[in-house]
Amino acid sequence: MRTTISVIKADVGSLAGHHIVPDQLLDIARRSLEEERKKGIIEDFYVTSVGDDLQLIMTHRRGEDNKEVHEIAWNTFKRAAEAAKDTGLYGAGQDLLKDTFSGNVKGMGPGVAEMEIEERPSEPFVVFMADKTSPGAFNLPIFRIFADPFNTAGLVIDPSLHSGFTFEVMDVIEGTVVELNAPEEIYDILALIGTLGRYIIRKVRRRSDGQIAAVMSTTRLNLIAGRYVGKDDPVAIVRAQHGFPALGEILEPFSLPHLVPGWMRGSHYGPLMPVGIKDARPTRFDGPPRIAALGFVVHNSRLVGPSDLFSDVAFDEARRMAGMIADYMRRHGPFMPHRIEQEEMEYTTLPGIMEKLKGRFKPA
Ligand code: 13P
Ligand code: 13P
Ligand code: MG
Ligand code: MG
């Protein structure tokens, strides 16, 4: 059975700032997708939120980049954004950057991760959803899952993983993509993906048969809008078990709350804190950045689950560490490297301040 998993998300409005999608909007999205499911365009769906981002997790048999499926997502976001506007929610329609749908939500604001797969007898997968950060946030954990033998035991001891994975890395500034193989080219991969704002892992495939293993959303809203409109809080889909990394190998890298750009006004580095869905409401300095993970299996295109994976107490220590790192970083106030670098600030509101000071610079 060929099934497509489509995760499409957008910030269409939040309560009292940028931290939570009110139930009212989740209900609108659920009703909207239920109608579409009855029409038979999608087979199944799950609606949730992480921070101020509304997440539509859908299954269908129409392949990636399907116009009808994307249109369903777009219309659902539009309906929720209308309601957000009507009730005066904050940032209503924030990520809907275009007026009319033109066949694909890519480039219109929402973030998209999709994979078409041949279902295995059991098809476990994880949907990762982050808030207050950007797509490069997945570079480090995805590298560790698929290329670091100190993280993923299966790379060493499971013959079906031993031949490694191919990384598709996108240059979001140039709009180009390069394929690199692990393990031989891991130094080349790392030479690129350490630059979080520019080189982003978009896909990972298993080398033995080319099967898709992971997909990440790569939208950069500021590159579409040319100004700061909120961060491109990313999503990812990762397949688990039986020829892919085990679930625990997929979650393990998130035990380190690594530093990612985002947080307050999309302008600060902070630790990525792994949390259960109920704790995905970033209020401390609009953060620290959060990541939630839901585990599903898909069978005959129907979703079973989810399990809220970071609600495990074993991630308490990571959350505590994230809290300590947040304290440390915050004490730097407006100083780098807490505040993001100048080039990235060009997409924020800082140029307005620079403009004001321009005439006051005199030859030194
Ligand atoms: P089970 O024996 O519980 O299926 O676990 C196998 C495994 O690979 C755990 O990582
Ligand atoms: P979002 O990108 O999640 O909307 O957050 C925007 C922001 O400015 C937070 O301080
Ligand atoms: Mg927002
Ligand atoms: Mg957000």
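Counting starts at 1 for both ligands and their atoms, in listed order. All figures in this text were calculated on a predicted structure; none of them were measured in a lab. When a residue number appears, it is its place in the shown sequence, counting from 1.
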request  = Using a strict cut-off of less than 4.0 Å between a Lys/Arg side-chain nitrogen and an Asp/Glu carboxylate oxygen, indicate whether Asp65 and Lys106 qualify as a salt bridge.
outcome  = yes
request  = Report yes or no: does His338 contribute a side-chain atom to a donor-acceptor pair with the main-chain N or O of His332 at less than 3.5 Å?
outcome  = no
task = Report, in ascending order of atom number, the atoms of ligand 2 lying under 4.0 Å from any heavy atom of Lys132.
result = 1 (P), 3 (O), 5 (O), 9 (C)
query = If you count the atoms of ligand 2 from 1 in the order shown, which ones are under 4.0 Å from a heavy atom of Asp11?
reply = 4 (O)
query = With a cut-off of under 6.0 Å to the ring centre and 45° to the axis, is Arg206 in cation-pi contact with Phe244?
reply = yes
query = With a 6.0 Å cut-off on ring centres, are Tyr269 and Trp263 close enough?
reply = no
query = Would you say Met58 and Ile42 make side-chain contact, with heavy atoms under 4.5 Å?
reply = yes
request  = With atom 10 (O) of ligand 2 as the reference point, say which of Asp286, Thr133, Asp95, Asp53 has the nearest heavy atom.
outcome  = Asp286
request  = Sequence neighbours left out, what passes side chain to side chain donor-acceptor pair (under 3.5 Å) with Thr4? Give chain and number order.
outcome  = none
inquiry  = Under 6.0 Å from the ring centre and within 45 degrees of the ring axis: does the NZ or CZ of Arg205 meet both conditions for the six-membered ring of Phe165?
reply    = no
request  = With heavy atoms under 4.0 Å as the rule, classify the contact between His18 and ligand 2 as side chain, backbone, both or neither.
outcome  = side chain
request  = Any atoms of ligand 2 less than 4.0 Å from a non-hydrogen atom of Met264? List them with their elements.
outcome  = 10 (O)
inquiry  = Between Leu309 and Val235, is there shared hydrophobic-cluster membership here, with clusters defined by ILVMFWY side-chain heavy atoms closer than 4.5 Å?
reply    = no
ask   = Counting no waters, what protein N/O/S atoms lie under 2.8 Å from the Mg ion (ligand 4)?
value = Asp52 OD1, Asp53 OD2, Asp131 OD1, Asp233 OD2
